[in-house]
Amino acid sequence: MFPEQKLGYTYEEYKVTADWLLANTEHRPLIAIICGSGLGGLAEILKDQKVFSYSDIPNFPQSTVHGHAGRLVFGTLKGKSCVCMQGRFHLYEGYPIWKVTFPIRIFRLLGVETAIVTNAAGGLNEDYKVGDIMLIKDHLNMPGFAGNNPLVGPNDERFGLRFPCMSDAYDRDLRKLAKTVARDLGYSDFLKEGVYCVLGGPSFETIAECNMLKRLGADAVGMSTVHEVIVARHCGMRVFGLSLITNKAVMDYNSESKANHEEVLQTGRERASQLEEMISRLVEGIEPNNNNVC
Ligand SMILES: O=P(O)(O)O[C@@H]1C[C@H](O)[C@@H](CO)O1
């Protein structure tokens with residue numbers, strides 16, 4: 001049915017990596033945090049760190065994008081064992097989608113129950129400002145419409161179902177908790193909730209594309225996250241996602257603005273401390289996942 005072309009890692013290949021990590025650290029994380037572009041500083045808040053370069057971990061892909069350090073950081077946050085990806089993988093780096101999402105299944109095999117995914121994104125919603133934090137309530141998977149979904153290929157039931165549900169991808173209770181945390185921290189003014197749309201990148205969107213995405217119901221546009229979320233939900237993890245609105249998508253032919261990666265990284269630096277505080281408090285409030293299906 002799926003001749004020749006390699007469509008993913010085998011269960012045994014995932015196990016090699018997971019077993020190597022289990023043998024090389026005493027941390028047993030229940031929470032994984034994936035840092036978006038320019039948001040790698042989030043990893044620095046972990047205590048009692050054990051750090052691995054991606055290049056030292058068997059089978060791990062390498063980070064190639066500025067703002068993605070390529071380190072896996074284990075540690076504790078508010079007393080909870082966590083693992084943090086300082087650098088994620090994107091389709092535009094040339095990786096097949098099953099490499100982009102490889103770390104998620106590794107985290108599952110390590111015992112992770114909750115994935116916190118973060119990204120930098122362009123704001124399509126006219127109410128959004130640069131520096132806003134958008135809780136992701138849903139997504140539009142554009143590469144998925146064209147058949148590029150990380151679950152394509154033979155399904156391994158040890159990870160999850162052939163046809164996983166995605167209507168509840170972004171955990172409602174965690175979003176509620178995040179809103180409470182943001183209110184307590186005085187962040188409500190720049191907290192939003194919306195729909196994230198993933199594109200393949202690496203070129204930023206045209207004006208016509210931005211207008212189309214907005215009409216389709218997207219509030220923010222980026223080049224990541226959704227693939228990871230699909231794999232995390234497939235294997236029964238709870239998911240919390242947030243986008244930092246690092247730039248406003250250009251929607252108007254009279255605009256002189258041009259999207260660029262430097263602005264994306266700069267906005268990340270400017271919001272770093274608030275994001276760190278918010279994630280810390282969120283992690284503090286996360287209860288063990290009782291709905292674990294994997
Ligand atoms: O990894 P994320 O989605 O945060 O990175 C975004 C999308 C591109 O990789 C890059 C564009 O500036 O930032």
Side-chain angles (χ1 to χ4, degrees), residues 28-36 39 42 45-46 76-85 101 103-105 107-108 110-119 121 125 128 132-141 159-161 163-198 217-220 222 224-245 271 274-294:
R28 295 294 177 263
L30 294 178
I31 299 171
I33 304 169
I34 297 155
C35 304
L39 305 178
L42 286 171
I45 56 181
L46 300 193
T76 57
L77 184 53
K78 301 282 183 188
K80 300 205 166 122
S81 187
C82 297
V83 58
C84 195
M85 277 181 81
T101 57
I104 305 299
R105 285 185 171 166
F107 296 154
R108 188 67 200 106
L110 298 182
V112 166
E113 297 177 337
T114 303
I116 298 178
V117 287
T118 69
N119 62 57
N125 186 317
Y128 288 8
D132 281 352
I133 295 172
M134 183 187 88
L135 308 183
I136 306 178
K137 71 170 181 204
D138 204 349
H139 68 225
L140 287 171
N141 180 9
F159 285 116
L161 298 173
F163 300 110
C165 173
M166 284 296 140
S167 55
D168 58 353
Y170 299 87
D171 192 87
R172 197 177 301 170
D173 293 338
L174 293 179
R175 277 188 281 135
K176 202 166 150 201
L177 175 63
K179 285 178 209 166
T180 306
V181 162
R183 196 193 54 220
D184 293 350
L185 288 167
Y187 293 177
S188 300
D189 281 355
F190 56 88
L191 191 80
K192 303 285 192 300
E193 187 172 36
V195 175
Y196 174 86
C197 176
V198 60
D219 297 294
S224 70
T225 305
V226 167
H227 325 304
E228 297 153 2
V229 170
I230 290 170
V231 171
R233 291 299 297 148
H234 177 248
C235 64
M237 283 187 209
R238 205 162 34 165
V239 169
F240 171 78
L242 66 79
S243 296
L244 175 64
I245 305 301
R271 267 284 179 254
Q274 283 111 333
L275 276 171
E276 285 162 20
E277 195 56 44
M278 192 169 153
I279 301 275
S280 265
R281 301 264 191 118
L282 186 77
V283 165
E284 189 174 24
I286 289 179
E287 304 288 345
N289 185 1
N290 298 323
N291 297 328
N292 219 335
V293 294
C294 195

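All heavy atoms count here, side chains included; hydrogens, waters and symmetry mates do not.
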With rounding to the nearest 0.5 angstrom, report the [atom1] to [atom2] distance, [X] to [Y].
{"X": "I31", "Y": "T76", "atom1": "CD1", "atom2": "OG1", "result": "11.0 Å"}
{"X": "M85", "Y": "L39", "atom1": "CE", "atom2": "CG", "result": "13.5 Å"}
{"X": "L185", "Y": "R281", "atom1": "CG", "atom2": "CZ", "result": "4.5 Å"}
{"X": "M134", "Y": "D219", "atom1": "CE", "atom2": "CG", "result": "6.0 Å"}
{"X": "D132", "Y": "Y187", "atom1": "CG", "atom2": "OH", "result": "13.5 Å"}
{"X": "L77", "Y": "I45", "atom1": "CG", "atom2": "CD1", "result": "4.5 Å"}

Where is the tightest heavy-atom contact between [X] and [Y], given as atom of each residue plus distance?
{"X": "G194", "Y": "Y128", "result": "CA-OH, 3.7 Å"}
{"X": "A232", "Y": "A115", "result": "CB-CB, 4.4 Å"}
{"X": "L42", "Y": "C35", "result": "CB-SG, 4.0 Å"}
{"X": "V195", "Y": "G217", "result": "CB-O, 3.4 Å"}
{"X": "T118", "Y": "G36", "result": "OG1-N, 2.8 Å"}
{"X": "M166", "Y": "H234", "result": "CE-N, 4.5 Å"}

For the residue pair [X] and [Y], establish whether any side-chain heavy-atom pair is separated by less than 4.5 Å.
{"X": "I230", "Y": "T101", "result": "no"}
{"X": "L282", "Y": "L177", "result": "yes"}
{"X": "I34", "Y": "E228", "result": "yes"}
{"X": "V198", "Y": "H227", "result": "yes"}
{"X": "L191", "Y": "M278", "result": "yes"}
{"X": "V229", "Y": "Y170", "result": "yes"}
{"X": "I116", "Y": "I279", "result": "yes"}
{"X": "R233", "Y": "P164", "result": "no"}

Hey, does the Lys NZ or Arg CZ of R108 hover above the aromatic six-ring of F159, less than 6.0 Å from the centre and inside 45° of the axis?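 Relative to the ring axis of F159, which defines the angle, R108 lies outside at least one limit.
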Indicate whether the side chain of S224 and that of N119 have a donor and an acceptor atom separated by less than 3.5 Å.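 Not at all, the side chains of S224 and N119 share no donor-acceptor pair under 3.5 Å.
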Between R238 and T114, do the side chains contain an N or O donor and an N or O acceptor separated by less than 3.5 Å? yes
Please enumerate all residues that pass side-chain hydrogen bond (donor to acceptor under 3.5 Å, both in side chains) together with K176, with sequence neighbours excluded.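 K176 satisfies side-chain hydrogen bond (donor to acceptor under 3.5 Å, both in side chains) with no other residue.
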Please confirm whether the backbone N or O of I286 pairs with a side-chain atom of K80, one donor and one acceptor, at under 3.5 Å? yes
Does A32 have any side-chain contact (heavy atoms from CB on, under 4.5 Å) partners at least two apart in sequence or in another chain, and if so, which? V83, F107, V112
